[in-house]
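Quick notes on the structure that follows.
Computed over heavy atoms, backbone and side chain alike; hydrogens, waters and symmetry mates excluded.
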Amino acid sequence: IGAKGVLGQDLIRVFSSPDLHLWDREDVDITNADQVKEKLVALRPQLIINAAAYNAVDDCEKNIETAMNVNGHGPAHVAKVAEDLGAMLVHYSSDYVFDGRDKRGYTEDAISDPVSAYGFSKRQGEKGVLENCQRHYVIRTSRLFGKPAVSEGAKKSFVDTMLGLAEDRDEFQVVNEEWSNPTYTPDLAQETKWLVENKLPYGIYHVTNDGACTWYDLASEAFALANVDVKLTPVASGAFPRPAKRPAYSSLINTRLPRLRPWQEALAEYLEAR
């Protein structure tokens, strides 16, 4: 579910199989509990992967009901049917479920305390899965980049946005705050498959590329690797007032899985193939 998203496309490649069914918003509306039940019961899958999300963080502040329906209630609808069918459920969550006050970062068992409507809706989605489906993997991740989504209205990754803007501009101000982990979607998809195939204990997992950075660090590395000559000026978050508050330090600490490769290495691979 969410097959046309940036992550969904890599999940398709990694889980490639004649038995793989691909659904996006035009195929199933996860906010509609009856439709979710009808579609899943007819299919009777052994594994359900929910990569659908409303992740326009600032828009969520204006559209709280939509955010809650998609990110909060939708996963619970899927989880309830998965439980009835005895299916395994993979669901993706976010570093934004944390308040970002702990400079050390957050382990899988850290207490969530979101500071935005988006973060709150993602926490509700986690609860919906944890409370309604025993066979679950809730995977928290952050700052996805990879092949652009093909779903209508999907937002671009920060990396692609910066590179696109650089086609018309040679100078940028970029926020040098808000520490988190960039994550390459092919790596996330491959780790998801490894997790499922190795039948690790059900629960919450953190999956990101190794290393934390600011938006400024990420932009600097992307421009350097792409050989784009721009002038970057680091600024505080206050330089760009936004509707949604962001956690200052939301690095996800992985204690349950082998570490993925550094984000710089993954970024280099993405830009080489872009």
Side-chain angles (χ1 to χ4, degrees), residues 6-7 51 53 55 57-58 60 71 90-127 129-130 136-146 157-159 174-192 194-195 200-222 234-238 240 242 244-268 270:
V6 60
L7 175 57
N55 57 6
V57 176
D58 288 322
C60 286
N71 298 335
V90 175
H91 172 70
Y92 295 93
S93 190
S94 168
D95 59 321
Y96 277 32
V97 300
F98 297 111
D99 61 17
R101 296 177 182 176
D102 192 338
K103 295 182 180 181
R104 298 169 299 179
Y106 295 87
T107 59
E108 295 85 352
D109 59 356
I111 297 174
S112 61
D113 187 16
V115 295
S116 67
Y118 170 73
F120 184 79
S121 70
K122 293 299 288 185
R123 184 178 70 173
Q124 289 300 109
E126 289 187 5
K127 291 176 64 177
V129 172
L130 297 175
H136 64 258
Y137 293 113
V138 173
I139 299 175
R140 294 189 184 124
T141 189
S142 58
R143 295 191 183 177
L144 301 186
F145 66 93
S157 71
F158 175 79
V159 171
V174 184
V175 172
N176 196 27
E177 296 178 337
E178 301 169 21
W179 290 78
S180 191
N181 315 85
T183 307
Y184 189 32
T185 50
D187 291 356
L188 175 56
Q190 190 63 53
E191 191 75 348
T192 300
W194 186 88
L195 182 66
L200 269 67
Y202 297 121
I204 296 174
Y205 288 83
H206 287 178
V207 181
T208 68
N209 284 102
D210 195 27
C213 67
T214 67
W215 295 114
Y216 174 81
D217 296 331
L218 181 54
S220 298
E221 187 73 8
V235 296
S237 297
F240 297 102
R242 293 161 291 177
K245 184 178 180 181
R246 268 71 169 175
Y249 300 92
S250 57
S251 177
L252 296 175
I253 300 172
N254 165 14
T255 67
R256 306 186 68 185
L257 293 170
R259 289 184 179 274
L260 298 184
R261 58 179 165 169
W263 65 266
Q264 296 93 332
E265 182 180 328
L267 180 60
Y270 173 60

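- In the model, T214 has a side-chain atom that pairs as donor or acceptor with a side-chain atom of D217 under 3.5 Å.
- Of the inter-residue distances, the one linking L218 atom CG with N176 atom CG reads 11.5 Å to the nearest 0.5 angstrom.
- E178 pairs by the side-chain hydrogen bond (donor to acceptor under 3.5 Å, both in side chains) definition with W215, S237, R242, not counting sequence neighbours.
- The pair R140-E126 meets the salt-bridge criterion, since a charged nitrogen lies less than 4.0 angstrom from a carboxylate oxygen.
- At a threshold of 4.0 Å, the pair R246-D58 counts as salt-bridged, since one of the basic side-chain nitrogens sits closer than that to a carboxylate oxygen.
- Using the six-membered ring where Trp is involved, Y137 and Y202 have ring planes that are tilted, between 30° and 60° apart.
- One distance of note links CG of L252 with CG of N209; it measures 12.0 Å at 0.5 Å rounding.
- No more than 12 heavy-atom neighbours from other residues, nucleotides or ligands sit within 6.0 angstrom of CZ on R101.
- In the model, S142 has no side-chain atom that pairs as donor or acceptor with a side-chain atom of D95 under 3.5 Å.
- Using a 30° and 60° split on the angle between ring planes, Y184 and F145 fall in the parallel class, below 30°.
- Residues satisfying the side-chain hydrogen bond (donor to acceptor under 3.5 Å, both in side chains) test with S116, not counting sequence neighbours, are none.
- In this structure, the separation between CD1 on I139 and CD1 on I204 is 11.5 Å, given to the nearest 0.5 Å.
- Remark: of the listed residues F98, Y96, Y249, F98 is the sole one forming a ring pair (Phe, Tyr, Trp, His ring centres under 6.0 Å) with Y106.
- Donor-acceptor pairing under 3.5 Å is recorded for the side chains of Y92 and T192.
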